[in-house]
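Below is one structure, written out as structure tokens; comments come after it.
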Amino acid sequence: MEIVAAYAAGAAAPSALGDHSPAPSNGPVVDEVETAFQREAYKIVRDLPALETYIARAMAAGAVGIDTEADGINAVGASIVGIALSLGANDAIYIPLGHASADTRAGELFAAEQPPAEAAPDAGPQIPLNAALPALKPLLEAQGVLKIGMNIKWDVALFAQHGIALGPIDDPMLISYALYGGLDAHDKTSLVEKHLGHGLTPLADVVGKGKAQIGFELAAPERAAAYSAEQADAGLRLWRKLKPALAQEKLRTVYETLERPMPAVLAAMEREGIRIDPLMLSQLSGDFAQRMAQYESEAYGLAGREFNIGSPKQLGEILFDELKLQGGSKTKTGAWSTDASILETLAEEHNLPAKVLEWRQLSKLRSTYTEALGQAINPKTGRVHTSYALASTTTGRLSSNDPNLQNIPIRTEEGRRIREAFIAEKGNLLVSADYSQIELRLLAHVADIPQLKQAFADGVDIHARTASEMFGVPVEGMPKEIRNNAKAINFGIIYGISAFGLARNLGIEREEAGAYIKKYFERFPGIRDYMEATKTFARANGYVKTIFGRRIWVKGVQSKNAQERQFGERQAINAPLQGAAADIIRRAMVRMAEALPASGLSARMLLQVHDELVFEAPAAEAEALCALARRVMEAAPLPAASLSVPLTVEAKAGATWGAAH
DNA sequence: CCTCTTGTG
DNA sequence: AGATGCACAAGAGGC
């Protein structure tokens, strides 16, 4: 109970968001934090009076570790099976609430053929969920009690489905991300290993693994308690160790503005999901399958024999060993490379590569999208609910998984048809709002480039203006190819360009690409200065910063190995731009989540795709929503950062995601 | 489980 | 001399 002691001794009682502080991380606290987990010390709470007693202690403590267990891997539609709370090292409880009793379990186990691991004969007495949750709700929503959990977005989502607005919250994973983004993984297992120096009970000990794995609700409460209480215990211990470092490293504002608000915002988006038309998907699937079969048989004819067209190994053998086509190259494992750029070159000499390219495009679209997205529709909601990872990228971007809705095709005609299957509910529209050229604008700002800033201020075509600066060609009537060259250079600059990479991208000689780059830096010397300054900073500190202060550690930037170091330097150049764009859209998301209800709109935010937000709204609201999204998103950097270039957001409504673009 | 390939910003 | 644009997730083949 050292947290209680610390608060009791300290002048400030825990009050509002951000004012909770763990005990100082010196002396005995660290000892206690790092002491071994004593799983036998965890208590299983099976009656209301015992729960009330612990709740009273938690209310007084001001900070409580929490871990919530449910009967599914996806929080959407899942029910709470048990809750663990912790008030200090080894001072944790587990409250079984939805564990199946022996009869139920036996049936399920029989179906699974193998018992997980000596299941208890009976789940034992449990407080009814509809009695426990009302008792817990005041604690879970108490403004004066911080709820701390690893990956707390999961807990937020589950409690939201049970009518509880969990908060205020802290998440050691997100604290770690603010402190060490780019350095290490931030999952529970890695964090506990790194900071507490000992391992966690594996989930497999509770529910088994592989074919014999069972739902958490079928696990024995004793095993569940050892696992779950330990998670709550570990989360609180990590918090006590990591939270003080935020202030020491001056990363508290980053954490509080860019990380802490996100779990609630994302949980709501994930819960909304997006509607997908399964009929349209299956029609597309059938269409693709038919055309693939055609390409396949044509490919066999051209190859002179049948082979597995989906096997790069077999394709390489056909192209280079049997047909003896020239221009092959090997991958680092020694196999023939058959990627698209190789096949495109070979297509000039032989008809087979083109057939394979066509087949591959359809195969990718079919297996990754038209087939998989249909499977991803949640039967309970009829919608697709992606999951966003908050601490998985090095730059501060989100990532999307199960399914990934951040890589839905848009560039090709075939691919765009998949976006037509993302639809609004009847009487509603989808609204897509995206930042225009946000990373180039940020480059113009951070590198302080007068011509680029002026171009953005004037609202002119930035690639055309770049081309005009470089090649002395007037923007009016500029040939497409010249603008394309400038566009490739602009993107290359953001990524820490090399002559080789630009040459490959434009299909020109390396010398010519090198000349372009030289010319670019002559026209925009500030960009070269910015890049050099960024590399120097990264070499000296091991990290770079966004304009909002987010710290991005860059592995390899201090390496003696030139290749590693150069890779680090390119990351160091890109990260402040990509990272700042990620910061901006995070701020926009938090504000949109507040602004929608405040504006009296019933619109919901559904998706984030790095520079784009997708909403769903009644058709009558669409126009107001577009205006609101533009206003809120364009102002998102303020007041923390004032950009010297305008941000512009394009917002459009449509019946499908494709139509909203 | 790793490699290759390809979809997005 | 040799490698050489940033950030991701996912499916399929093959060991």
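As a basis for the values below, the full set of heavy atoms in this structure was taken, side chains included, without hydrogen atoms, waters or symmetry mates. Order of the sequence lines fixes the chain letters, A, B, ..., with proteins taken first and strands second; residue numbering starts at 1 for each chain.
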### Message
Check whether A:Trp336 forms a cation-pi arrangement with A:Lys313 (NZ or CZ under 6.0 Å from the six-membered ring centre, at most 45° off the ring normal).
### Response
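No; the conditions do not both hold, so A:Lys313 does not lie above the ring face of A:Trp336.
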Inspect the contact between [Y] and [X] and indicate whether a charged nitrogen and a carboxylate oxygen are less than 4.0 angstrom apart.
X        : Y        : value
A:Arg305 : A:Glu322 : yes
A:Glu413 : A:Arg416 : yes
A:Glu532 : A:Arg528 : no
A:Arg586 : A:Glu259 : yes

Tell me if a side-chain donor or acceptor on [X] pairs with a main-chain N or O of [Y] at a distance below 3.5 Å.
X        : Y        : value
A:Thr386 : A:Asn401 : yes
A:Gln213 : A:Val207 : no
A:Tyr177 : A:Gly396 : yes

Could you state the atom-to-atom distance from [atom1] of [X] to [atom2] of [N] in whole Å?
X        : N      : atom1 : atom2 : value
A:Arg504 : C:dC6  : CZ    : C1'   : 13 Å
A:Leu577 : C:dC6  : CG    : P     : 14 Å
A:Arg510 : C:dA1  : CZ    : P     : 13 Å
A:Asp339 : B:dC4  : CG    : P     : 10 Å
A:Lys330 : C:dA3  : NZ    : C1'   : 19 Å
A:Ile418 : C:dG11 : CD1   : P     : 13 Å
A:Ile489 : C:dC6  : CD1   : P     : 18 Å
A:Tyr435 : B:dG9  : OH    : P     : 16 Å

### Task
Strictly below 4.0 Å, heavy-atom distances to any atom of DNA chain B: list the hits from residues 392-414 of chain A, or just say none.
A:Arg397, A:Gln406, A:Asn407, A:Ile408, A:Pro409, A:Ile410, A:Arg411
### Message
I want to verify a distance call: between C:dT4, B:dG9, B:dG7, whose nearest atom is closest to the A:His610 side chain?
### Response
B:dG9
### Message
Nearest to the A:Thr331 side chain among C:dC6, B:dT5, B:dG7, which nucleotide is it?
### Response
B:dT5
### Query
If the C1' atom of B:dT6 is compared with that of C:dA1, how far apart are they to the nearest Å?
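Looking at atom C1' only, B:dT6 and C:dA1 are 31 Å apart.
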### Message
Work out how far the P atom of C:dA3 is from that of B:dC4, and round it to whole angstrom.
### Response
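My reading of the P atoms in C:dA3 and B:dC4 gives 15 Å.
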Is [X] close enough to [N] that one of its side-chain N or O atoms is under 4.0 Å from OP1 or OP2 there?
X        : N      : answer
A:Ser337 : B:dC4  : no
A:Lys313 : C:dC15 : yes
A:Thr338 : B:dT5  : yes
A:Thr368 : B:dT6  : no

### Query
Between A:Phe500 and A:Gln571, who's closer to the 5' end of DNA chain C by nearest nucleotide?
A:Phe500
### Query
Does A:Val356 reach the side chain of A:Arg360, with side-chain heavy atoms less than 4.5 Å apart?
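They are in side-chain contact.
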### Task
Check whether any side-chain heavy atom of A:Leu442 lies under 4.5 Å from a side-chain heavy atom of A:Leu643, and answer yes or no.
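Yes, at least one pair of side-chain atoms sits under 4.5 Å.
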### Message
Go through it in stages, so that I can follow the logic: the residues are A:Arg419 and A:Ser432, the test is side-chain hydrogen bond (donor to acceptor under 3.5 Å, both in side chains), and I'd like the CA-CA distance, side-chain angles, deciding distance and then a yes or no.
### Response
CA-CA 12 Å; A:Arg419 289 202 174 212; A:Ser432 164; over 6 Å; no
#### Entry: Residues from residues 526-552 of chain A lying under 4.0 Å of DNA chain C - heavy atoms
none
#### Entry: Neighbours of DNA chain C within residues 561-569 of chain A, by heavy-atom distance under 4.0 Å
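Correct list: A:Gln563, A:Phe567.
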### Task
May I ask you to say what A:Gln314 touches in the nucleic acid, namely base, sugar-phosphate or nothing, with a heavy-atom cut-off under 4.0 Å?
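Sugar-phosphate: the residue A:Gln314, judged by heavy atoms under 4.0 Å, touches backbone atoms but no base.
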### Task
Have a look at A:Ala488 and say if it touches a base, only the backbone sugar-phosphate, or nothing, with a 4.0 Å heavy-atom cut-off.
base
### Task
Working to the nearest 0.5 Å, report the span between CG of A:Asp461 and CZ of A:Arg483.
4.0 Å
#### Entry: Worked check of ring-ring contact (aromatic ring centres under 6.0 Å, His included) between A:Tyr295 and A:Phe288
CA-CA 11 Å; A:Tyr295 288 129; A:Phe288 290 164; over 10 Å; no
